[in-house]
Amino acid sequence: MCGIVGYIGGKTAQDILVNGLKRLEYRGYDSAGIATLDDDAKPHCARSVGKIAELEKVLAAKPHDGKIGIGHTRWATHGGVTVNNAHPHRAGDIFLVHNGIIENFKELKAKLGSYEFKSDTDTEVLAALINSKYDKKTSLADAVAQALKEVRGTYGIIVFSAREPEQLVVARLGSPLIIGLGKNETYIASDASALLGYTRDAIYLNDGELAICTREGVDLRNLSLETLNAKTETIEGNAEQIQKGGYDHFLLKEIMEQPETLRNTLSGRINLEQGTMRLGGFGLSAKELREIEHVVIVGCGTAYYAGLLASYYIEQIVPEVTTEVVVASEYRYRSFHLPKHSVALIVSQSGETADTLACLREIKQRGAKVFGIVNVVGSTIAREVDGGSYVYAGPEISVASTKAFTSQVATMLIFAGMLAEARGGDRSTIAKLAQELSALPDEIAKTLETHADEVKALAAKYAKYDDALYLGRDTAYPIALEGALKLKEISYIHAEGYATGELKHGPIALVDSTYFEIFNILKGRLFEKSIGGLQEVRARGGKAIVLTDAPKSLEIEADDIIRLETDFELLTPILLNTLQQLFAYHVAVARGNDVDQPRNLAKSVTVE
Ligand code: AGP
């Protein structure tokens, strides 16, 4: 989820580019850069790690005076957080900034043979590919179009060349790109918020389109360079509304973008044909994977619940490996014992949670290898682990964690698949996991689209309650815990998550008509048991909502039921959780709360 900007006109490009990048910093900021062409068509490039302020320091020392340029703020996907990996990337006379993922970058890199790459990024491969087409007889637009025909993945790109200094070439597939029309100047950005204050007249590029942008205007083409009619629209709303993607809150945007962010998480990590999966960042050989006998999963809050859910799957998929899931703030003070051949998964969205970081250090000190399951690239946890994987959910702005949870679970499931594969685990189970993981983004999209209105109506019905129980068995139990956390942290309703089987051991004393209960009920071996718990609650006047994948043929008596239609056998709990996320969101909105910044909370708890 990077931010890209471009400018060509009569003003100094640098200030316009930097201001635009600042507007896009919420999209990710582990590094940034700009490249410009001065009036002699001489290129200048400035890049830095860290926030835009670091780039401004570089530019203060060596300002750019060119009137054409491009800029980029990076949320790393391929390649660590280094200046070399920061955009813009150069190849020959061309400079390029890119938002998206080139899935076949390794294949393209191999075809570019002797080219000397300076970075680990997929983007530099695209720049080199364009350059390889850009001979004296080929225009920049033509070279870009030819190269993009060989690309698989997503892109929003802006390219310029010192050889053709009067134009910027842009193209998009899957990543937004907007062209702002000024008087003898043209602006480009990945998000309209960067254009506000300069122009509200814009051309929203569509997938498969390319445009040649000059001071005079925009020449819209397809990848065969056939001319297309450009439709000028008006940019509506203010910067904040645009950054939320048109949603009222970042939380809703982050819930609804889970299909897209999960595709980024899974990108290049599952080979469906072979039914195999790989997390490159773990750097573990098959032998080392086979030697693992115990996995400790460490986290706080939602990260802990993601680990708890993953542990159920690890036990199912790799039964000979034992798991232990611990709350970091407790574990760090226990005199815990680490069995031989233990590894630890350190789960954290921010990568800065103090208790989780303390556990990382303690476990490492005891000689066990620690692997990060982290979202924020370059974060402290990401830098201190022995290896691991970024979950690539993109910046999670809302304090309540939603898309990161889903991506964390998916990443740990890939780890489970790797363990099983290395140990000669059951091929059909591994293949089933690979198949459902690959289908998960679409299933989440279908779940959200199909049931959004039902969930919103449920929220309106139950928003005034002050007490709730969330219940689930087996892999739905961690989901019940996560659902209760989501509701309590944004609606301030007292919500507790419990194992359904635990109801009769005390919590059922709470149940009366002032409570509502959300039951996560999975079809299959524990269905009848789950119905038992539901009946206990209803017999005591509790208002029961059931979220289930059980078909209508399985009768359920409840106050409200949402039935998912899915063929999933493994990952249904993740689908049920997206309904809980939406439910909590709408209840919080109905209660007039600050959904993105709930009272008393911080996005990252860096204190103990
Ligand atoms: C989740 O919605 C909460 N914001 C909180 O529990 C969070 O999951 C916890 O603080 C851990 O944060 P981390 O993933 O950044 O380490």
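Heavy atoms only: backbone and side chains are in, while hydrogens, waters and symmetry mates are out. Numbering of ligands and ligand atoms starts at 1, following listing order.
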Student: If you apply the rule salt bridge (Lys or Arg N to Asp or Glu O under 4.0 Å), what do you find for Lys432 with Glu436, and how did you get there?
Tutor: CA-CA 6 Å; Lys432 182 72 185 152; Glu436 289 199 9; 3.3 Å; yes
Student: Give a yes/no verdict on a cation-pi contact between Arg599 and Tyr492, requiring under 6.0 Å between NZ or CZ and the six-membered ring centre and an angle within 45° of the axis.
Tutor: yes
Student: Would you mind listing which atoms of ligand 1 come within a distance below 4.0 Å of any non-hydrogen atom of Ala400?
Tutor: 2 (O)
Student: Parallel, tilted or perpendicular: which one describes the rings of His87 and His98, with boundaries at 30° and 60°?
Tutor: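 Ring orientation, 0 to 90° scale: parallel.
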Student: What protein heavy atom sits nearest atom 3 (C) of ligand 1, and how far off is it?
Tutor: Glu489 OE1, 3.4 Å
Student: Quick test: of every protein heavy atom, which one is nearest to atom 16 (O) of ligand 1, and how far off is it to 0.1 Å?
Tutor: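 Residue, atom and distance for the closest contact: Thr353 OG1, 2.5 Å.
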Student: For Thr302, counting its heavy atoms only, list the atoms of ligand 1 lying under 4.0 Å from any of them.
Tutor: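 Answer for ligand 1: 1 (C), 2 (O), 6 (O), 8 (O).
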Student: Pull out every atom of ligand 1 sitting under 4.0 Å from any heavy atom of Ala303, numbered as shown with elements.
Tutor: 8 (O), 14 (O)
Student: Which is it for Glu352 and ligand 1 at heavy atoms under 4.0 Å: side chain, backbone, both or neither?
Tutor: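 Glu352 to ligand 1: no contact under 4.0 Å from either part.
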Student: Provide the number and element of each atom of ligand 1 under 4.0 Å from a heavy atom of Ser401.
Tutor: 1 (C), 2 (O)
Student: Taking atom NZ as the centre, does Lys364 end up with more than 12 heavy-atom neighbours from other residues, nucleotides or ligands that are less than 6.0 angstrom away?
Tutor: yes
Student: Do Phe336 and Tyr331 have their ring centres less than 6.0 Å from each other?
Tutor: yes
Student: Please test Glu257 against Lys403 for salt bridge (Lys or Arg N to Asp or Glu O under 4.0 Å), starting from the C-alpha separation and ending with a verdict.
Tutor: CA-CA 8 Å; Glu257 69 183 2; Lys403 61 177 184 173; 2.5 Å; yes
Student: Would you mind listing which atoms of ligand 1 come within a distance below 4.0 Å of any non-hydrogen atom of Gln349?
Tutor: 13 (P), 14 (O), 15 (O), 16 (O)
Student: Identify, by atom number and element, the atoms of ligand 1 in contact range of Lys486, meaning under 4.0 Å from any of its heavy atoms.
Tutor: 1 (C), 2 (O)
Student: Would the number of heavy atoms belonging to other residues, nucleotides or ligands and lying under 6.0 Å from CD of Glu291 be above 12?
Tutor: yes
Student: For Val399, take its heavy atoms, then give the atoms of ligand 1 lying under 4.0 Å from any of them.
Tutor: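 Per the distance check, 2 (O), 4 (N).
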Student: At a 4.0 Å threshold, what atoms of ligand 1 neighbour a non-hydrogen atom of Ser350?
Tutor: 13 (P), 15 (O), 16 (O)
Student: For atom 11 (C) of ligand 1, tell me which residue out of Ser348, Cys300, Gly301, Ala328 has the closest non-hydrogen atom.
Tutor: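 Ranked by closest heavy atom to atom 11 (C) of ligand 1, first place is Cys300.
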Student: Please state which protein non-hydrogen atom is closest to atom 10 (O) of ligand 1 and give its distance, to 0.1 Å?
Tutor: Val605 CG2, 3.9 Å
Student: For Tyr465 and Phe516, take the angle between the two ring planes, folded into 0 to 90°, and tell me which bin it lands in: parallel under 30, tilted 30 to 60, perpendicular over 60.
Tutor: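 Correct class here is perpendicular.
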Student: For Asp560 and Tyr462, test the side chains for any donor-to-acceptor distance below 3.5 angstrom and give the result as yes or no.
Tutor: yes
